[in-house]
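One structure is given here, and the rest of the page talks about it.
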Amino acid sequence: MNERYPVLDGAESFYYEGNEVGILITHGFLGTPQSVRFLGESFARLGYTVFAPRLKGHGTHYKDIEITSHEDWFAEAEKGYQFLKDRCKSVYAAGQSMGGALTLWLANKYPEIAGIVLINAALRVPGYEYLKWKTYPRYIDEGAPDIKKVDVEEITYGKVPVPSIFELQKIMERTPFLLPSIKTPVLGFKSIEDHVVPAECTDFILEKIGSAKKKAISLYNSYHVASMDHDKEKIVSITHQYIQENQAGSLSFV
């Protein structure tokens, strides 16, 4: 699949070289690495090697995402993991929303991943469910990003192709079946007030996942795009502590 439109300014993949512990950060549906840049820059300042790939069809034009599939999106996340694996001794994978679901796919395929961090991981998007099996309209208008903090601008699309929503739904429908086989330590952040993905998705993941080490953290001052919201520093600090303790082989989380 060749994208037909240029990458929007600020939506590019980013990489920060640091120590031998890598963190892959995968953005969500319609989002771009810009939405997780604060996390990436913060982790880099803490010394980690960080890579956030731009998923195919994202950060250009909605007509580009229309010609990509969920396999294309997972392939980019997978390439990102391999990129860090070649450079680091340990790799952690983090993902927001759809990126959280793709992170679970990575953990299922690559059990050597040291740990995973989920931020409002998507198993359901109720606002899209009425579109299942519909062939019309071709595009729908997309609302403003779900962010509580005022004056925050996320790079995203104003329209979304309905076939692309179907691809997202394929990811979300398959993910629950992978959970029992995943043994990777997991940290799951959930916004209590999320207008896109129900917080119960994180509860379900942590209940069904096969990991022995798992922890849920509630975010009370952020909506769905928590990586750009009031709790973003909390996500960084708790994730940093989680990685440090996990690297030390501790059973305690927070």
[Y] backbone acceptor or donor facing [X] side chain under 3.5 Å:
| X | Y | answer |
| --- | --- | --- |
| Ser35 | Gly31 | no |
| Arg54 | His58 | yes |
| Glu12 | Val7 | no |
| Asp194 | Tyr223 | no |
| Glu167 | His70 | yes |
| Asp231 | Ser222 | yes |
| Asp141 | Lys159 | no |
| Arg37 | Pro33 | no |
| Thr32 | Gln34 | yes |
| Tyr157 | Gly59 | yes |

hydrophobic_cluster_shared for [Y] and [X], side chain cutoff 4.5 Å:
| X | Y | result |
| --- | --- | --- |
| Val225 | Ile119 | no |
| Ile147 | Ile235 | no |
| Phe29 | Met228 | no |
| Ile155 | Val36 | no |

Could you note down all residue pairs passing side chain to side chain donor-acceptor pair (under 3.5 Å) where residues 113-133 supplies at least one of them, sequence neighbours left out?
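Qualifying pairs: Asn120-Ser191, Arg124-Glu129, Tyr128-Glu142, Lys132-Glu173.
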So do the side chains of [X] and [Y] get within less than 4.5 Å of each other, counting heavy atoms only?
| X | Y | result |
| --- | --- | --- |
| Leu30 | Val160 | yes |
| Ile23 | Ile243 | yes |
| Lys89 | Val21 | no |
| Phe43 | Val236 | yes |
| Leu106 | Phe74 | yes |
| Ile65 | Pro161 | yes |
| Arg138 | Glu66 | yes |
| Trp73 | His27 | no |

Rounded to the nearest 0.5 Å, how far does NZ of Lys79 lie from CG of Leu84?
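Separation between the atoms: 14.0 Å.
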To the nearest 0.5 Å, how far apart are NZ in Lys134 and CD1 in Ile140?
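Atom-to-atom, Lys134:NZ and Ile140:CD1 are 10.0 Å apart.
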Show me the side-chain donor-acceptor pairs of residues 196-212 shorter than 3.5 Å, one per line, residues at least two apart or across chains.
residue : atom : partner : partner atom : Å
Asp203  : OD1  : Lys190  : NZ           : 2.7
Asp203  : OD2  : Lys190  : NZ           : 3.4
Ser211  : OG   : Thr184  : O            : 2.4

Stepwise ring-ring contact (aromatic ring centres under 6.0 Å, His included) test for Tyr48 and His240:
CA-CA 10 Å; Tyr48 299 108; His240 175 52; 5.7 Å; yes
If the condition is ring-ring contact (aromatic ring centres under 6.0 Å, His included), which residues does Tyr5 pass it with, not counting sequence neighbours?
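For Tyr5 the ring-ring contact (aromatic ring centres under 6.0 Å, His included) partners, ignoring immediate neighbours, are His61.
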Heavy-atom closest contact ([X] atom, [Y] atom, distance):
| X | Y | value |
| --- | --- | --- |
| Asp229 | Lys148 | OD2-N, 2.7 Å |
| Ala93 | Ile113 | N-CG2, 4.2 Å |
| Gly100 | Leu118 | O-CD2, 3.5 Å |

Does [atom1] belonging to [X] count more than 12 external heavy atoms closer than 6.0 Å?
| X | atom1 | result |
| --- | --- | --- |
| Gln244 | CD | yes |
| Glu41 | CD | yes |
| Asp86 | CG | yes |

State which residue, out of Val117, Ile25, Thr239, Val50, fulfils the side-chain contact (heavy atoms from CB on, under 4.5 Å) condition with Leu39.
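So the option named by the test is Ile25.
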Going by atom types only, do [X] and [Y] share a side-chain donor-acceptor pair under 3.5 Å?
| X | Y | value |
| --- | --- | --- |
| Ser227 | Gln96 | yes |
| Lys213 | Asn246 | yes |
| Gln241 | Glu245 | yes |
| Thr60 | Asp64 | yes |
| Glu154 | Thr156 | no |

Just do the side chain to side chain donor-acceptor pair (under 3.5 Å) check on Gln247 and Tyr92 with the steps written out, would you?
CA-CA 10 Å; Gln247 287 294 104; Tyr92 289 80; 2.7 Å; yes
Would you check, one step at a time, whether the test ring-ring contact (aromatic ring centres under 6.0 Å, His included) holds for Tyr15 with Phe83?
CA-CA 10 Å; Tyr15 171 67; Phe83 177 82; 5.0 Å; yes
Between Tyr139 and Tyr62, what is the ring plane arrangement, given parallel below 30°, perpendicular above 60°, and tilted in between?
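Ring orientation, 0 to 90° scale: perpendicular.
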Please confirm whether His224 and His195 have ring centers closer than 6.0 angstrom.
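Centroid separation for His224 and His195: 6.0 Å or greater.
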